[in-house]
Amino acid sequence: MAEAVEVVEIEEEEETRENLKSVFPLSRIKKIMKIDPEINKINSEALHLISLSTDLFLQFLTEKSTRVVLEKKRKTIKLEHLRIAAKRHQPTSDFLLDSLPIPESNPSVGAAPQKRSESHLEKPLPVGTRRIDHFFKKSVVEES
């Protein structure tokens with residue numbers, strides 16, 4: 001019976017080791033860490049922990065962004081979804097929002113941009129009124 005318990009413990013340790021494998025290449029993480037001039041040497045345990053914490057953080061951010069995507073009824077996570085997810089989580093918002101680029105205000109790729117001047121042409125004006133754009137147009141002086 002003691003042997004069975006030892007076998008189960010060994011299998012659990014192997015599963016734990018598999019779960020603790022880093023998704024990211026450690027050499028790349030080490031290069032990124034060495035960009036900081038204050039860091040001279042990097043302990044292998046510290047490197048491993050930073051790799052695992054980066055993986056966990058990205059999983060967390062992906063889950064939060066997925067919730068936003070589902071709320072918006074979209075299929076693809078975009079930058080605006082990441083920004084919303086980061087804003088909703090205060091600790092993430094404190095450091096990450098400044099690093100994320102501000103999304104462009106252009107409408108989605110498939111939609112044709114609609115200008116304000118074109119939208120007012122659809123509705124007829126009431127009798128005796130003019131659009132405000134009329135007052136701001138440059139008048140053309142005709143020479144006689």
Side-chain angles (χ1 to χ4, degrees), residues 1-140:
M1 177 128 168
E3 291 177 10
V5 172
E6 288 179 24
V7 170
V8 170
E9 288 178 0
I10 291 172
E11 289 176 359
E12 288 177 358
E13 284 181 25
E14 289 176 2
E15 288 178 12
T16 304
R17 286 185 196 147
E18 289 176 10
N19 290 341
L20 293 179
K21 285 187 178 178
S22 176
V23 179
F24 304 106
L26 296 178
S27 60
R28 181 65 55 98
I29 293 174
K30 191 172 186 176
K31 284 181 183 177
I32 293 170
M33 290 175 67
K34 286 208 170 201
I35 291 173
D36 188 349
E38 296 179 5
I39 296 178
N40 296 326
K41 292 183 180 181
I42 301 167
N43 187 343
S44 64
E45 289 92 12
L47 183 63
H48 186 69
L49 286 174
I50 289 190
S51 174
L52 292 176
S53 61
T54 303
D55 187 31
L56 287 173
F57 174 72
L58 289 176
Q59 285 178 6
F60 170 78
L61 190 59
T62 304
E63 289 171 6
K64 296 291 183 184
S65 299
T66 301
R67 289 182 189 165
V68 173
V69 166
L70 293 175
E71 289 172 8
K72 303 271 186 186
K73 298 179 181 176
R74 302 285 184 222
K75 294 182 181 179
T76 306
I77 296 176
K78 295 184 178 179
L79 177 60
E80 63 188 61
H81 303 132
L82 284 171
R83 289 186 67 83
I84 292 170
K87 284 180 186 176
R88 290 182 181 174
H89 188 253
Q90 187 61 41
T92 305
S93 175
D94 290 342
F95 80 93
L96 187 62
L97 279 180
D98 294 336
S99 301
L100 289 175
I102 298 172
E104 297 176 8
S105 61
N106 293 343
S108 60
V109 175
Q114 184 178 15
K115 295 181 182 176
R116 185 176 181 137
S117 61
E118 292 175 358
S119 66
H120 72 75
L121 296 176
E122 297 171 5
K123 297 179 183 178
L125 292 173
V127 177
T129 61
R130 294 183 284 180
R131 295 221 178 264
I132 196 164
D133 296 343
H134 177 73
F135 293 104
F136 295 106
K137 288 183 181 177
K138 293 182 180 179
S139 59
V140 179

In this structure, CZ of R67 is separated from CZ of R88 (nearest 0.5 Å) by 9.5 Å
Closest heavy-atom pair and its distance - I50, T54: O-OG1, 2.7 Å
Could you grab the distance from atom NZ of K78 to atom NZ of K72, nearest 0.5 Å is fine? 12.0 Å
Here the ring pair (Phe, Tyr, Trp, His ring centres under 6.0 Å) pairs for residues 38-87, sequence neighbours left out, are F57-F95, F60-H89
Any heavy-atom pair between the side chains of L26 and K30 that's under 4.5 Å? no
Tell me if the CG atom of L56 is crowded by more than 12 foreign heavy atoms within 6.0 Å. yes
Shortest non-hydrogen contact between A86 and L97, atoms and distance: CB-CD2, 4.0 Å
Checking side-chain contact (heavy atoms from CB on, under 4.5 Å) for the pair V69/K75: CA distance, chi angles, key distance, verdict? CA-CA 7 Å; V69 166; K75 294 182 181 179; 5.9 Å; no
To check you understand the geometry: which heavy-atom pair defines the closest contact between M33 and I42, and what is its length? CB-CD1, 3.6 Å
With heavy-atom distances below 4.5 Å as the criterion, would you say the side chains of I32 and F24 are in contact? no
Would you mind reporting whether K64 and T92 have side-chain heavy atoms less than 4.5 Å apart? no
Can you name the side-chain contact (heavy atoms from CB on, under 4.5 Å) partners of N43, sequence neighbours left out? E45, A46
Can you check side-chain contact (heavy atoms from CB on, under 4.5 Å) on L96 and L61, steps first, answer last? CA-CA 11 Å; L96 187 62; L61 190 59; 3.9 Å; yes
Using 0.5 Å steps for rounding, measure from the NZ atom of K34 to the CG atom of N40. 7.5 Å
Show the nearest heavy-atom pair for residues S65 and I77, with the distance to one decimal. CB-CG2, 3.9 Å
Flag side-chain contact, heavy atom, 4.5 Å: I84 against E71: no
